[in-house]
*Asks:* 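Please see the structure below; I have some questions.
Residue numbers start at 1 and run along the sequence shown.
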Amino acid sequence: MIFQSLSEKIGGRIVRYLDEPITGYTPFFAPPIDVLGRALQPGDVLLSEGNTRIASIIKYLTQSTWSHSVIYIGEGVL
């Protein structure tokens, strides 16, 4: 029980550290949201970059500008 509690505390600290935004971060490209909304079609894949330490690790390990991807499924779908 004590070990589990300690490992949870250490794991929580690591996650909080990796989830912190990077100071001085500037996005690579940020299109106006209205332009993006008019251009998107269902099935489009969007690539994005994060501003956290974990996003930087992902970009480094994958040798990519992008750390995240999403598929647009359409308007009004939850």
Side-chain angles (χ1 to χ4, degrees):
M1 294 299 215
I2 293 173
F3 179 72
Q4 183 180 12
S5 177
L6 180 60
S7 65
E8 287 174 0
K9 287 181 182 180
I10 292 170
R13 283 186 177 213
I14 291 171
V15 168
R16 283 191 299 279
Y17 174 79
L18 292 175
D19 198 37
E20 289 178 12
I22 298 172
T23 308
Y25 168 83
T26 55
F28 179 72
F29 176 69
I33 196 72
D34 59 322
V35 173
L36 186 60
R38 288 192 306 267
L40 284 175
Q41 296 181 16
D44 283 350
V45 176
L46 301 170
L47 301 174
S48 66
E49 57 177 326
N51 66 341
T52 61
R53 291 182 173 117
I54 192 67
S56 292
I57 292 169
I58 292 168
K59 289 188 282 188
Y60 175 78
L61 291 174
T62 60
Q63 294 296 293
S64 176
T65 304
W66 316 109
S67 58
H68 299 78
S69 63
V70 296
I71 297 176
Y72 178 70
I73 57 173
E75 194 174 330
V77 179
L78 298 176

*Asks:* My understanding is that only residues two or more places apart in sequence, or in another chain, count here; which of them pass salt bridge (charged side-chain N to carboxylate O under 4.0 Å, His left out) with Arg13?
*Replies:*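 Arg13 satisfies salt bridge (charged side-chain N to carboxylate O under 4.0 Å, His left out) with no other residue.
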
*Asks:* For Tyr17 and Arg53, work out which heavy atoms get closest and say how close.
*Replies:* O-NH1, 3.0 Å

*Asks:* Between atom NE2 of His68 and atom CD1 of Ile54, what is the distance when rounded to the nearest 0.5 Å?
*Replies:*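 If I round to the nearest 0.5 Å, the distance is 8.5 Å.
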
*Asks:* Should Val70 and Tyr72 be regarded as members of a common hydrophobic cluster, given that ILVMFWY residues are connected when their side-chain heavy atoms come within less than 4.5 Å of each other, either directly or indirectly?
*Replies:*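 Yes.
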
*Asks:* So which atom in Gly74 and which in Pro42 form the shortest heavy-atom distance, rounded to 0.1 Å?
*Replies:* CA-CG, 4.2 Å

*Asks:* Could you report the tightest heavy-atom contact between Ser69 and Leu47, atom names first, then the distance?
*Replies:*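 Closest heavy-atom pair between Ser69 and Leu47: CB-CD2, 3.7 Å.
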
*Asks:* Can you tell me how far the CD1 atom of Ile57 sits from the OG1 atom of Thr62, to the nearest 0.5 Å?
*Replies:* 11.5 Å

*Asks:* When you look at CG of Leu61, are more than 12 heavy atoms from neighbouring residues, nucleotides or ligands closer to it than 6.0 Å?
*Replies:* yes

*Asks:* I need the Thr52 OG1 to Ile22 CD1 distance, nearest 0.5 Å.
*Replies:* 6.5 Å

*Asks:* Show the nearest heavy-atom pair for residues Leu46 and Leu40, with the distance to one decimal.
*Replies:* CD2-CD2, 3.5 Å

*Asks:* Answer yes or no: is there a donor N or O on one side and an acceptor on the other, between the side chain of Ser67 and the main chain of Ile58, under 3.5 Å?
*Replies:* no

*Asks:* Between Leu6 and Val15, is there shared hydrophobic-cluster membership here, with clusters defined by ILVMFWY side-chain heavy atoms closer than 4.5 Å?
*Replies:*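 Leu6 and Val15: separate clusters.
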
*Asks:* Set out, in order, the CA-CA distance, both residues' side-chain angles and the distance that settles side-chain contact (heavy atoms from CB on, under 4.5 Å) for Thr65 and Lys59, then state yes or no.
*Replies:* CA-CA 6 Å; Thr65 304; Lys59 289 188 282 188; 5.7 Å; no

